[in-house]
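Data first, discussion second: the structure below is written as structure tokens.
Positions are given from 1 along the sequence. Predicted model, so just to flag it, every value in this text is computed and none were measured. Whatever order the structure lists them in is the order used to number ligands and atoms, beginning at 1.
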Amino acid sequence: MKLVHTTEELRAAMRPYNSPAFVPTMGNLHDGHLNLVRSAKPLGDLVVSSIFVNRLQFAPHEDFDSYPRTLKADCDRLEQAGCDIVFAPLEKELYPVPQLFKVHPPGEIGDILEGHFRPGFFIGVCTVVMKLFQCVFSEAKGPRYALFGKKDYQQQMVIKRMVQQYAMPITVIAGETQRAADGLALSSRNGYLSEPERAEAVQLSLTLRTLAREALATAEAMPQQLNALESRAMHALATRGWQPDYITVRRRADLLAPQAADAVTPESLVVLGAARLGNTRLIDNFEV
Ligand code: PAF
């Protein structure tokens, strides 16, 4: 496996190959990332992963400075998972001048849920992903694949739409969320949790599972009863000491609330949640 830090080195290393499968990350890797790398392996003729903590997607009060930088351990894990090239650019490589051109996802998908609670987040994500795609794919000759985890459900949807609307010749694949034995979704931010917080953290996924079950049971009565179920789930978490941003049932197609006119089926819904436990903000979701 090769570790490169500049776009020039990346392109030189990729030259003999035709069809890259790309797994962008911010490092501090867990099995969710490694599973994406393993899924990428059979897709093309080389697997590229990037490690870049992207300042643009963090608000000033968020954890950009403290986000764990673990390059050596990440490279060891990527190599074991079958990655061929790791692209770990310095900030001045991706942002040599202030990044004034930015990709603004449309409000319908970019300003709801995560976009509402983290204003500017998807602008930062789309802008860096667009740049990373330019670095990784610009000289590819065969099919191009990019893999994102479903734990960031809205993110993978936003990126799929960006790729579609900019007519980028890239197939975006969403990998299933990997979970710890108790059901907690794997996340780089789980490392921030204290021992008691880690024991409590599974309640987010349990709450979402319960809501998914309840939503199914009341599918006929949707959407009238959903608001009440969502409020009850938020309240249940709040009484355990969480600060929920949202716990909600949405349509998979567009992440909007199901409407009375919709033919609601379990396959058409996703339950999503974001909540803070102490200083750590966790997100999770289940396709119903
Ligand atoms: O999901 C992440 O790790 C990041 O948002 C991404 C897609 C690598 C962009 O910085």
Can you name the atoms of ligand 1, numbered from 1 with element, that are less than 4.0 Å from a heavy atom of V128?
9 (C), 10 (O)
Closer than 4.0 Å to some heavy atom of T25 - which atoms of ligand 1 meet that?
8 (C)
Between I159 and ligand 1, which part of the residue brings a heavy atom under 4.0 Å of the ligand: side chain, backbone, both or neither?
neither
Side-chain ion pair, [X] and [Y], N-O less than 4.0 Å:
X    : Y    : result
K150 : E287 : yes
D74  : R69  : no
R77  : D31  : yes
D65  : R55  : no
R281 : E114 : yes

Among protein heavy atoms, which lies nearest atom 10 (O) of ligand 1, and at what distance?
Q57 OE1, 2.7 Å
Identify the closest protein heavy atom to atom 2 (C) of ligand 1: which residue and atom is it, and at what distance?
Q155 NE2, 3.9 Å
Heavy-atom distance to atom 3 (O) of ligand 1: which of K131, M26, K151, Q156 wins?
M26
